[in-house]
Amino acid sequence: MARVVSDYDPEEAILEPGAYDLEDEALPEPVPDPRIIDLTARTDRSRRKGTRDPKKVYALVLHQMACCFNPRNPLERFLTVGAHFAITNDGRILRLHPVSALLWASNHFNPGSVAVEFAGNFPDVRGTWWKGAEYGRNRPTPPQIDGGRHLVRYLMRTMGLTHILAHRQSSGTRENDPGPDIWYHVGQWAVDTLGLNDGGPGFKVGTGNPIPAQWRTWARPPVTPEIDAALAAESPDTELAHDVWHQEDETSSPEYIRWVQRSLNEVMGLRLPVDGVAGPATRSAVGSFQARQGLPVTAIIGTDTEDALKLARSGSGFRSRRARRRAGRSESEVGEGGEEEQPDQALRVIARPFVLAQIAVGERDPYKLTDRVFYLRHKELQGRRISPGETALKTEWLSILRDVVQPALASAGLSTTVPPVPARVGDRVVADALQIARREVSGMPGTTIEQLVQQWRQSICREIPWPILLAFIKYESGGDFGDATHGTEKNGWTSPEFYELGLFQTPAGLHGRCTGRHWRSCAIEPPGEENPRNPSPWARNCARIGADPAQWTNPTTQVRVGLLDLEDGAIALRRDFPELFPSPGSDWDLRMAVLYRFSRGGGYARSFLSGYRRELAAMPEAQRWNFLRDKTVTATVTVKGKRVTVRRDFKGENVEEKMALAGKLGYVPRTA
């Protein structure tokens, strides 16, 4: 049996078992995902060397197994693997151990990382496999790459991971782990697309090695060489009479094969020669395309594959064989770029198999499914949103949702709307929050935090319920009036550049260079240095209520200023987007105008409200938050004096965590 590279290695034993001795209920696992197969109850528990706090996990480490590309039963074969997740060649994602488990998998990254193994033995940049004759010569498949990317997004969403790393960066004996194919298509993709951090050029720890520059620009498409081998053995090029591509006369014509090759090059970013010859490379590319679309991998262009390829090319090229048969016309009558079916009919015929395939691999969001079909048909839009005047495009998008996506979801027995995924809140968290509420305010005998906040809430922000504010306090400051946050050890105590003060973590002045956790290590003491041209919310609101900003630990000042900051930001959004916030205090208003604006910043909130303004206004409030999940916008910002365009992903986990706790504390949502 091949050795799995994540097996215990003495070099990896950097922590004693039980390094994090925590109660089970203090170790929440990420919320379930329909695409992830949970095997944690069956896997070898001896691989778990202790427990750790998932909140301290910040990175995902990519590995290759160097074996086991196509085991007879991966659900049994992988039970002894010492990694948190494994991804099979057919794209299945296996959860092997809880993220709260400490594993000896990634050397010095062990305490703060999730280990992910890709099944297979993959080559290095020279095309050399480690013991290829014994463990196989594999390449990552498109479903495997897609599974890896799905897992990255899932862990970012559920755990807030900020880094993606390669095992070679922490181990001198894992030089090709995970290899250029996995790194480029999953690791580098996550760095370039999602903004994750890989430590940068030259980064390594211990005996590890930096990520090679060639890995970052590898760009070789995932392939399935087994398809080539099987087809070559069954029908070599010298015996084209028996070639499976001769299923129908029209598909053997050089003109048709050239269209297939051009289509594959455009859709998959390949460089196939457009020579009209159905050689092994072309057949392998067809198989890879089928795998990516969720179709049976046969390397044969059947009607479903042709329709999917035509859809991916936005409708250009040969008409589908179904259409030609219905029209009673021959291949020669419809050249490349010929007339299409009626749009509505073609949409249902071509898009439905694609949507069903996406549903089969776990996608449930009707809006995402609609976007995928729409942007496959309109690649010229390059993912931009529909402009207000483009009524034809808007009508088409809605018709895809109504006529294709919703019926497909219904036929699969699924709801056409997706409810929010509830955050998990344990009894201990609720008890801590209630204890904060009952805590006596220093210098104010007989007055609790709840009483002080409630006193000023009534006059400043009556529409924000007390349970929401208590959940905010619990997660932002823990009820500490003396808290002056100035970053974390992970970012070198530098981000953000300003203090966040007290009970409501109100933004204040700059803290300068800091060297430790306590604010006394900073160059400038709280409340920090103010910019007279742009005073902070702390300084601005202190002046507004006539308080001395230097007395930043004063409980009454903190409460009044903090509540004013929350309310001012919400009022500004309500004023600028009146049709989206007609009812202050509704569930949508509290999530977006109050909590999200604070957690991500006013600029983030405005960019998503502006980018999706028409769509949000057209739907009920109860659907808006869920609609924004995983949405992306681009924004122009100033960085070091230069205007740059950045990509922003909608991340609402912080808000959902607070709302879930508020629900446990008695909050009852209401709509407009």
Side-chain angles (χ1 to χ4, degrees), residues 5-6 9 11-15 19-20 27-30 33 36 47-64 81-87 93 95-118 147-172 174 177-179 182-212 215-216 487-492 494-495 649 651 653:
V5 301
S6 64
D9 187 319
E11 181 186 354
E12 300 182 348
I14 64 169
L15 288 179
Y20 296 96
L27 301 173
E29 289 296 309
D33 183 286
I36 297 175
R47 297 285 181 184
R48 305 172 192 175
K49 307 303 179 181
T51 55
R52 62 185 183 178
D53 184 352
K55 291 183 179 179
K56 297 181 180 179
V57 176
Y58 66 94
L60 181 151
V61 179
L62 303 178
H63 302 249
Q64 63 157 299
V81 173
H84 296 95
F85 294 89
I87 301 178
I93 305 172
R95 189 197 302 274
L96 303 177
H97 299 279
V99 295
S100 57
L102 175 66
L103 306 178
W104 286 344
S106 308
N107 298 75
H108 293 277
F109 296 143
N110 288 334
S113 70
V114 173
V116 180
E117 290 275 10
F118 287 78
R149 293 180 175 184
H150 181 90
L151 182 60
V152 171
R153 292 192 188 97
Y154 167 74
L155 293 174
M156 288 181 66
R157 184 174 69 250
T158 58
M159 298 187 68
L161 299 190
T162 58
H163 287 64
I164 190 163
L165 305 166
H167 189 193
R168 68 169 273 137
Q169 290 176 289
S170 66
S171 172
R174 301 288 192 266
D177 197 2
I182 292 295
W183 177 259
Y184 179 79
H185 291 290
V186 179
Q188 195 63 38
W189 166 84
V191 172
D192 296 339
T193 305
L194 304 179
L196 290 185
N197 191 335
D198 62 10
F203 173 73
K204 67 181 185 68
V205 296
T207 62
N209 298 287
I211 296 171
W215 284 21
R216 301 182 185 277
T488 65
E489 185 176 7
K490 189 188 305 183
N491 60 44
T494 60
S495 180
D649 296 318
K651 298 179 180 179
E653 294 83 355

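Quick caveat, the model's predicted, so the values are computed rather than measured.
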query: Roughly how far apart are Ile211 CD1 and Asn209 CG, rounded to 0.5 Å?
result: 11.0 Å
query: Between OG1 of Thr193 and CD of Gln188, what distance do you get to the nearest 0.5 Å?
result: 9.0 Å
Nearest heavy atoms of His163 and Leu196, plus distance in Å: N-CD2, 4.1 Å
field: Minimum-distance pair of heavy atoms, taken over all atoms of Pro210 and Lys204
entry: CD-CD, 3.8 Å
task: For residues Asp198 and Val191, report the shortest heavy-atom separation together with the two atoms involved.
output: OD2-CG2, 3.9 Å
- request: Run the numbers on Asn107 and Gln169 for side chain to side chain contact (heavy atoms under 4.5 Å, CB included), then give the verdict.
  value: CA-CA 9 Å; Asn107 298 75; Gln169 290 176 289; over 6 Å; no
query: Between Ala166 and Trp215, which heavy-atom pair has the shortest distance, and what is it?
result: CB-CZ3, 4.4 Å
- prompt: Roughly how far apart are Leu165 CG and His108 NE2, rounded to 0.5 Å?
  reply: 13.5 Å
task: Could you check Val57 against Val99 for side chain to side chain contact (heavy atoms under 4.5 Å, CB included), going step by step and ending with a plain yes or no?
output: CA-CA 8 Å; Val57 176; Val99 295; 5.8 Å; no
- request: Quick one: closest heavy-atom pair of Glu117 and Gln64, and the distance?
  value: OE1-C, 3.2 Å
query: Nearest 0.5 Å, what's the CD1-NE2 distance between Ile182 and His63?
result: 12.0 Å
- prompt: Between Phe85 and Leu60, does a side chain to side chain contact (heavy atoms under 4.5 Å, CB included) hold up when you go through it step by step?
  reply: CA-CA 10 Å; Phe85 294 89; Leu60 181 151; over 6 Å; no
task: Specify the closest pair of heavy atoms between Ala101 and Arg48, including all atoms of both residues, with the distance to one decimal.
output: CB-CG, 3.9 Å
- request: For Ile93 and Tyr154, run side chain to side chain contact (heavy atoms under 4.5 Å, CB included): C-alpha distance rounded to whole Å, both residues' side-chain angles, the deciding distance at 0.1 Å, then the answer.
  value: CA-CA 11 Å; Ile93 305 172; Tyr154 167 74; over 6 Å; no
message: To the closest 0.5 Å, what do you measure between NE2 (His84) and CG (Leu151)?
response: 11.5 Å
Cationic tip of Arg168 above Trp183 ring, under 6.0 Å, 45° of axis: no
